[in-house]
Amino acid sequence: MDKALKEITPKSEDFSQWYTDVVKKADLMDYAPVKGFIVIRPYAYRIWEFIQADLDARFRATGHENAYFPLLIPESLLTREAEHVEGFSPEVAWVTIGGGEVLSERLAVRPTSETIVGAMYARWIQSYRDLPVLINQWNSVVRWEKSTRPFLRTTEFLWQEGHTVHRTEDEAVREAEQQLEAYRGLMQEVLAIPAVSGVKSAGERFAGAVETYTLEALMGDGRALQAATSHFLGQNFSKAFDIQFLDEDGALKYGWTTSWGASTRLLGALIMVHGDDRGLRLPPRVAPIQVVIVPIGKGGERAQIVEYCHALKKRLDPSTRVMVDDRDEFTPGYKFNDWEMRGVPLRLEVGPRDVAAGQVMASRRDGGAKFAIVSSELERAVSVVLDEIQHSLYAQALANLKAGSWEITDYQEALARDRRGFFYGDWCGEEACAAHLQEETSMTIRCLPLGLSPALTGCAVCHQPSRHRVVFARAY
RNA sequence: CGGGGCGUAGCGCAGCUUGGUAGCGCACUUGCUUUGGGAGCAAGGGGUCGCAGGUUCGAAUCCUGUCGCCCCGACCA
């Protein structure tokens, strides 16, 4: 009866297979000829464009501008900041031949751009009057990962990386925090994904950062996904790249820098947080098609009904993204399943009975029975329902986050729950404990949530005195 | 890098044990009938069986080598 189940493996049976089925069947991606690379197909790319548009507006509103820095970075530049090199060099791809000749210096395909941006900033900044520098770029980076998964971890991925320089430490820290807040806003208001804001432990910090702020979201299988990060880099990079300015007091000082990024991994989060056994469920604000109208009719009346559907679409344009599925070669039942798999938030069915009654039948992708909308109410009703779906998806995700969050005093309690979820516990602050935990359970410290103090129940690993409240989880 | 799985039509697979001129389902094309939860009938098109050697009268099938991909771990956005 439910033939969607024929094509998509149920989440409960095999979450990983479910994810692969959904990304393939909903035409979100395809595997590229080179291992670890994927093609982002139009439907998924459109979602990415909505994410870009929203983030870009937030960045602009806080004074940032877009620019573009080169793909290739000379080895000598990449290796200038010690921790940074150590962190990234294992996964860098190198260009060694150009124009048929072996290059005198290897060129790295950027794994991230702090180094080349830093080198350029050093040339552009002389005075405190040149600060702050607030630049973002939309690009792709390459990290040669051992194991890849569509959207979640691919060798090349699309993202934005912001790079800023500030006159004071305080201003740079505030910048890093402000950008984290921009990401949180995107996730909550647009992607309908709740997340835990926090800072990374020293062991989990970005290579070369003083502080890494993170947003950790809980996926449907109880694993954590780092959705976006924002780094306060202190003066590590300004010292490595000589980003100095003459301050008002006549002293030559190093700038304080930040960097922050969010990637197409957010698409993976979107799929895993909202999807169900029938496929995708897209929040209206990022749905390429928000409303699909399916005409139902046979023989001579069909043409008339299709025309009627197009008239309805016209009424809803341009405030809503509407599609009339007037394909002749598929039955209504096929179309219902097809659009459900693709996550379209709202479906309107129009048959002869509806035309006669002056109404349409509506079906929400976020659950519930079909209901009728009186034709004269259409514009208002669609707008209200889309808004409700946006909020209900967030509410469902928030409920899942809460249901998957546990307070523990010993990490064994997490094992009892099969390590599924966010486990809030105390930590002594020793990396040895974090390492031991990872060894034993493959769980890591996802973050030290902002605003939480230790419960003073002792480290959940070694039971020595508590220093921090942390979230333990298995991560993607 | 360890473990597992798989390479045969666009996709999913069978055929391989026991060698004999390549098959099924879906998809695709055309026509007719259909359309309120994945339509039916009919007629079609499409494959150097991952690659390279070898054995043999003859290899998708047996042997050797090789390449690639997927999944699960460890490392990482």
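Keep in mind that what you see is a predicted model, and the values were worked out from it rather than measured. First the proteins, then the strands, lettered A, B, ... as listed; each starts at 1. We use all heavy atoms of the structure for the numbers below, so side chains are in, but hydrogens, waters and symmetry mates are not.
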Could you check which of [options] has an atom nearest any side-chain atom of [X]?
X: A/M361; options: B/G37, B/G36, B/G73; value: B/G36
X: A/R265; options: B/G36, B/A77, B/U34; value: B/A77
X: A/I296; options: B/A77, B/G36, B/G37; value: B/G36
X: A/K146; options: B/U34, B/C71, B/C1; value: B/C1
X: A/R278; options: B/A74, B/G37, B/G36; value: B/G37
X: A/Y31; options: B/C70, B/G37, B/G36; value: B/C70
X: A/N337; options: B/G37, B/A77, B/U35; value: B/G37

Pairs under 3.5 angstrom only: tabulate donor-acceptor contacts from the side chains of residues 213-222 of chain A to other protein residues two or more places apart or in another chain.
{"unit_1": "A/Y213", "atom_1": "OH", "unit_2": "A/E177", "atom_2": "OE2", "d": "2.9"}
{"unit_1": "A/T214", "atom_1": "OG1", "unit_2": "A/E216", "atom_2": "OE2", "d": "2.8"}
{"unit_1": "A/E216", "atom_1": "OE1", "unit_2": "A/R446", "atom_2": "NE", "d": "3.1"}
{"unit_1": "A/E216", "atom_1": "OE2", "unit_2": "A/K200", "atom_2": "NZ", "d": "2.8"}
{"unit_1": "A/D221", "atom_1": "OD1", "unit_2": "A/R223", "atom_2": "N", "d": "3.2"}
{"unit_1": "A/D221", "atom_1": "OD2", "unit_2": "A/Y476", "atom_2": "OH", "d": "2.6"}

A/W159 and A/R265, any side-chain heavy atoms less than 4.5 Å apart: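 When only atoms from C-beta onward are counted, A/W159 and A/R265 do not touch, as no gap falls below 4.5 Å.
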Measure [atom1]/[X] against [atom2]/[N] and give the value in whole Å, please.
X: A/I8; N: B/G38; atom1: CD1; atom2: P; answer: 16 Å
X: A/R474; N: B/G73; atom1: CZ; atom2: P; answer: 6 Å
X: A/W144; N: B/C1; atom1: CH2; atom2: P; answer: 14 Å
X: A/D325; N: B/G38; atom1: CG; atom2: P; answer: 15 Å
X: A/D14; N: B/C71; atom1: CG; atom2: P; answer: 11 Å
X: A/R223; N: B/C76; atom1: CZ; atom2: P; answer: 14 Å
X: A/E329; N: B/C41; atom1: CD; atom2: P; answer: 19 Å
X: A/R327; N: B/A27; atom1: CZ; atom2: P; answer: 13 Å

A/Y424 and A/F422 aromatic ring geometry - parallel, tilted or perpendicular at 30°/60° bounds: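 Perpendicular.
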Mutual orientation of the aromatic rings belonging to A/W256 and A/F232 [parallel < 30°, tilted 30-60°, perpendicular > 60°]: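 A/W256 vs A/F232 ring planes: parallel.
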Taking only N and O in the side chain of [X], is any of them less than 4.0 Å away from OP1 or OP2 of [N]?
X: A/T112; N: B/A77; result: no
X: A/T331; N: B/U35; result: no
X: A/Q438; N: B/C75; result: yes

Whichever of A/Q17 and A/E204 has its nearest RNA chain B nucleotide further upstream toward 5':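 Its nearest nucleotide lies further toward 5', so the answer is A/Q17.
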Upstream residue (5' side of RNA chain B) when A/R353 and A/R446 are each assigned their closest nucleotide: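 Nearer the 5' end of the strand: A/R353.
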With the threshold set at 4.0 Å, does a side-chain nitrogen-carboxylate oxygen contact exist between [X] and [Y]?
X: A/D276; Y: A/R365; result: yes
X: A/K313; Y: A/D326; result: no
X: A/E189; Y: A/R285; result: no

Is any side-chain N or O of [X] under 3.5 Å from a base N or O of [N], one able to act as donor and the other as acceptor?
X: A/R153; N: B/C76; result: yes
X: A/E340; N: B/G37; result: yes
X: A/K370; N: B/G37; result: yes

Interatomic distance at [atom1], [N] relative to [M], whole Å:
N: B/C24; M: B/G15; atom1: C1'; value: 10 Å
N: B/A39; M: B/C76; atom1: C1'; value: 49 Å
N: B/A74; M: B/C16; atom1: P; value: 39 Å
N: B/U64; M: B/C70; atom1: P; value: 27 Å
N: B/G45; M: B/U33; atom1: C1'; value: 23 Å
N: B/C32; M: B/G37; atom1: P; value: 26 Å
N: B/A52; M: B/C6; atom1: P; value: 23 Å
N: B/G10; M: B/U29; atom1: C1'; value: 14 Å

What's [X] touching, base or sugar-phosphate or nothing? Going by heavy atoms closer than 4.0 Å.
X: A/P352; result: base
X: A/T154; result: base
X: A/L225; result: nothing
X: A/R302; result: base
X: A/Q226; result: sugar-phosphate
X: A/E145; result: base

Face-on cation placement of A/R46 at A/Y43 ring, 6.0 Å and 45° thresholds: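 No, a cation-pi geometry is absent between A/R46 and A/Y43.
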With a 3.5 angstrom cut-off on both distances, give the Watson-Crick or G-U wobble partner of [N], or none if there isn't one.
N: B/U61; value: none
N: B/G7; value: B/C67
N: B/C28; value: B/G44
N: B/A22; value: none

